[in-house]
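Because the structure is a prediction, the values reported are computed rather than measured. Residue indices begin at 1 and follow the sequence shown.
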Amino acid sequence: MEVLRPQLIRIGGRIYRKNPIQEQAYQHEEEDEDFYQGFTECAEEPCDGYEVIQTQQGFQCTVKAPSLLYKHIVGKRGDTRKKLEVETKTSISIPKPGQEGEIVITGQHRSGVISARTRIDVLLLTFRRKQPFTHFLAFFLNEVEVQERFLKFQEEVLEKCSMDHGVDSSIFQNPKKLHLTIGMLVLLSEQEIQQTCEMLQQCKKEFIDDISGGKPLEVEMEGIEYMNDDPGMVDVLYAKVHMKDGSNRLQELVDRVLERFQASGLIVKEWNSVKLHATVMNTLFRKDPNAEGRYNLYTADGKYIFKERESFDGRNILKLFENFYFGTLKLNSIHISQRFTVDSFGNYASCGQIDFS
C-alpha cells in the first residue's frame with residue numbers, strides 16, 4: 001500500500017482513508033490494538049446518516065453487529081474499547097461473547113458519539129472482510145440434461161487430452177454442483193441470513209419481475225473459456241452462459257442484484273459487473289474436491305491460506321471443445337447457497353431463494 005494512495009473504505013455513502021501502517025498478516029486478536037492505530041483519518045464531523053437520539057444523560061447511538069465480531073471492538077484486555085471511549089469521550093456497551101444484541105454508544109456530545117460510531121463501523125467492516133465467505137448468491141445449473149452433457153464433456157476431454165500436462169479426472173467439477181455465481185457473502189448470524197432473504201425479495205419486487213416477465217429465463221450453456229491469460233497454464237476453465245433469445249436480460253438482472261447487495265454492504269464491492277461463468281474444471285479440485293476457487297483465502301480467524309496448485313495445459317481442450325454445447329436451462333430461482341454444505345441431492349444447501357414464476 002502506498003503512502004500517497006491509502007486504502008479507501010466506503011461507509012454510508014462516505015469514503016474514509018485507512019492510513020498505511022506496517023503490519024503483518026492478521027493472526028490473533030492481540031493485533032487488534034495495532035490495527036486500531038491505522039485509521040486515525042475517520043471523520044469527526046457530524047454525519048446525518050446515523051440515528052443519534054438525545055437522552056437525559058446526553059446522546060446515544062446503537063450499532064447492530066454479529067457477536068463473532070465483538071472481540072475486535074473490545075480488543076486485547078479491552079484496550080481497543082478503552083481507546084475509543086477516551087478519544088471520543090463516550091461510553092461503549094458491548095454484549096457478552098456469544099450473545100446477540102446491539103453495541104450501545106453514549107456520550108455528552110453528539111459529535112463524540114458519531115465519531116465513535118464511525119470508528120466502530122470501520123473496525124467492523126475491516127474485520128468482516130477478513131472472514132471467509134460463508135454463502136453465495138447463485139443459480140443452480142444442475143438440470144439432468146446439463147449434467148449428462150457435462151459428463152460427456154469430461155469423458156471426451158479425458159479421452160482426447162489426458163496426455164496434456166495436468167489434465168486428469170480430479171480437476172473436473174462435480175456435476176451436481178454446477179452453478180452460476182452472482183456474488184459472495186459473509187453472513188455471520190441468522191439475522192444476516194434473514195436480511196439477505198429480505199433483500200432478495202425486495203429485488204424481486206423492484207426489478208426482477210419486470211426483467212424476467214414472471215417467467216424462467218431460458219439460457220444456453222455453450223462454449224468454454226479460461227480465466228487467466230495463458231492457455232498453456234490454466235487453473236480455471238468455465239462454460240459460458242447466455243440468453244437463448246440473444247437478449248441481455250440475464251446480465252442486466254444479475255448486475256442489478258449485485259449492485260443492490262453492494263449498496264447494502266452485504267457484498268463487498270470488487271466488480272461492477274458479474275462475469276457469467278460456470279466452472280467446469282479447477283485445479284484446486286486436484287487436492288481438495290470441495291475446494292471453491294479463489295474464495296478459499298482466509299480461515300475463520302483471519303489467517304491467509306496459500307493454495308498451491310498445478311496448472312494444466314488447456315490449449316488442446318480449447319481447440320477441440322471451444323463450442324461444446326452443454327444444454328439448455330430454465331433459470332427460475334436465485335438461491336442463497338451455503339458453502340461446504342450439501343443437500344440430499346448433492347447440491348449446495350440453500351438457506352433461502354426467490355422464484356421468478
Side-chain angles (χ1 to χ4, degrees), residues 135-150 152-153 173 175-185 196-229 236-264 266-282 293-294 317-318 321-337 347-348 350 352-357:
H135 299 74
F136 58 97
L137 298 177
F139 292 101
F140 292 160
L141 306 177
N142 55 354
E143 293 186 11
V144 174
E145 176 195 358
V146 172
Q147 288 194 54
E148 292 176 349
R149 292 291 298 165
F150 171 82
K152 181 66 174 176
F153 168 76
Q173 174 67 284
K176 295 179 180 179
K177 290 186 174 181
L178 288 168
H179 64 277
L180 190 68
T181 300
I182 299 174
M184 303 300 297
L185 298 158
T196 303
C197 291
E198 293 171 357
M199 181 67 67
L200 267 183
Q201 288 294 339
Q202 290 179 16
C203 291
K204 175 177 167 60
K205 293 178 182 178
E206 294 178 16
F207 58 84
I208 289 178
D209 283 345
D210 289 339
I211 296 174
S212 68
K215 299 178 181 179
L217 298 180
E218 193 166 358
V219 303
E220 291 181 313
M221 188 167 158
E222 180 179 19
I224 57 172
E225 190 56 85
Y226 60 104
M227 282 293 187
N228 58 309
D229 58 0
V236 176
L237 190 78
Y238 63 89
K240 294 180 282 188
V241 180
H242 61 266
M243 288 291 299
K244 191 173 183 179
D245 62 10
S247 71
N248 196 44
R249 288 189 296 152
L250 176 61
Q251 188 70 61
E252 179 187 358
L253 188 152
V254 296
D255 283 348
R256 291 189 65 178
V257 170
L258 177 69
E259 181 182 13
R260 179 60 57 85
F261 273 79
Q262 287 176 337
S264 72
L266 286 169
I267 291 180
V268 176
K269 186 169 184 179
E270 293 183 285
W271 321 105
N272 293 323
S273 180
V274 177
K275 185 176 181 65
L276 294 171
H277 71 284
T279 298
V280 294
M281 299 172 71
N282 188 330
R294 68 180 183 90
I317 298 176
L318 290 161
F321 302 94
E322 179 182 6
N323 298 311
F324 187 89
Y325 186 73
F326 291 89
T328 301
L329 305 101
K330 291 184 177 180
L331 304 182
N332 192 45
S333 304
I334 296 178
H335 293 265
I336 304 169
S337 301
N347 194 10
Y348 287 105
S350 178
Q353 69 184 74
I354 57 166
D355 299 323
F356 299 169
S357 64

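Among all heavy-atom pairs drawn from I336 and C197, the shortest one is CD1-SG, 3.5 Å. Contact record, E322 with L318: CB-O, 3.0 Å, taken as the closest heavy-atom pair. Taking every heavy atom of both residues into account, L276 and Y238 meet most closely at O-CE1, 4.4 Å.
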Practice task
Decide side chain to side chain contact (heavy atoms under 4.5 Å, CB included) for L137 and F261; before the verdict, give the C-alpha distance in whole Å, the side-chain angles of both, and the deciding distance to 0.1 Å.
Solution key: CA-CA 10 Å; L137 298 177; F261 273 79; 3.9 Å; yes
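Put simply, the side chain of N332 gets close to the backbone of S357: a donor and an acceptor are under 3.5 Å apart. Not a single donor-acceptor pair under 3.5 Å links the side chain of K244 to the backbone N or O of T328. No donor-acceptor pair under 3.5 Å is formed between the side chain of T279 and the backbone N or O of M281. Between the side chain of Q251 and the backbone N or O of V274 there is at least one donor-acceptor pair closer than 3.5 Å. Looking at Q147, its side chain does come within 3.5 Å of a backbone N or O of N142 through a donor-acceptor pair. Between the side chain of R260 and the main chain of C203, no donor-acceptor pair closer than 3.5 Å is present.
F321 is listed as a side-chain neighbour of I224, based on a closest heavy-atom distance under 4.5 Å.
For an aromatic pair to be called close, the ring centres must be under 6.0 Å apart, and F139 with H335 fails this.
One distance of note links OG of S273 with CD of E259; it measures 10.5 Å at 0.5 Å rounding. Atom NE2 of H277 is separated from atom NZ of K240 by 13.5 Å, given to the nearest 0.5 angstrom.
With a 6.0 Å cutoff to the six-membered ring centre and a 45° limit on the axis angle, R256 counts as a cation-pi contact of F207.
The aromatic rings of F153 and F150 sit tilted, their planes meeting at an angle between 30° and 60°. The aromatic rings of Y348 and H179 sit perpendicular, their planes meeting at an angle over 60°, well past the 30° parallel limit.
Between the side chains of S247 and E252, no donor-acceptor pair of N or O atoms lies under 3.5 Å.
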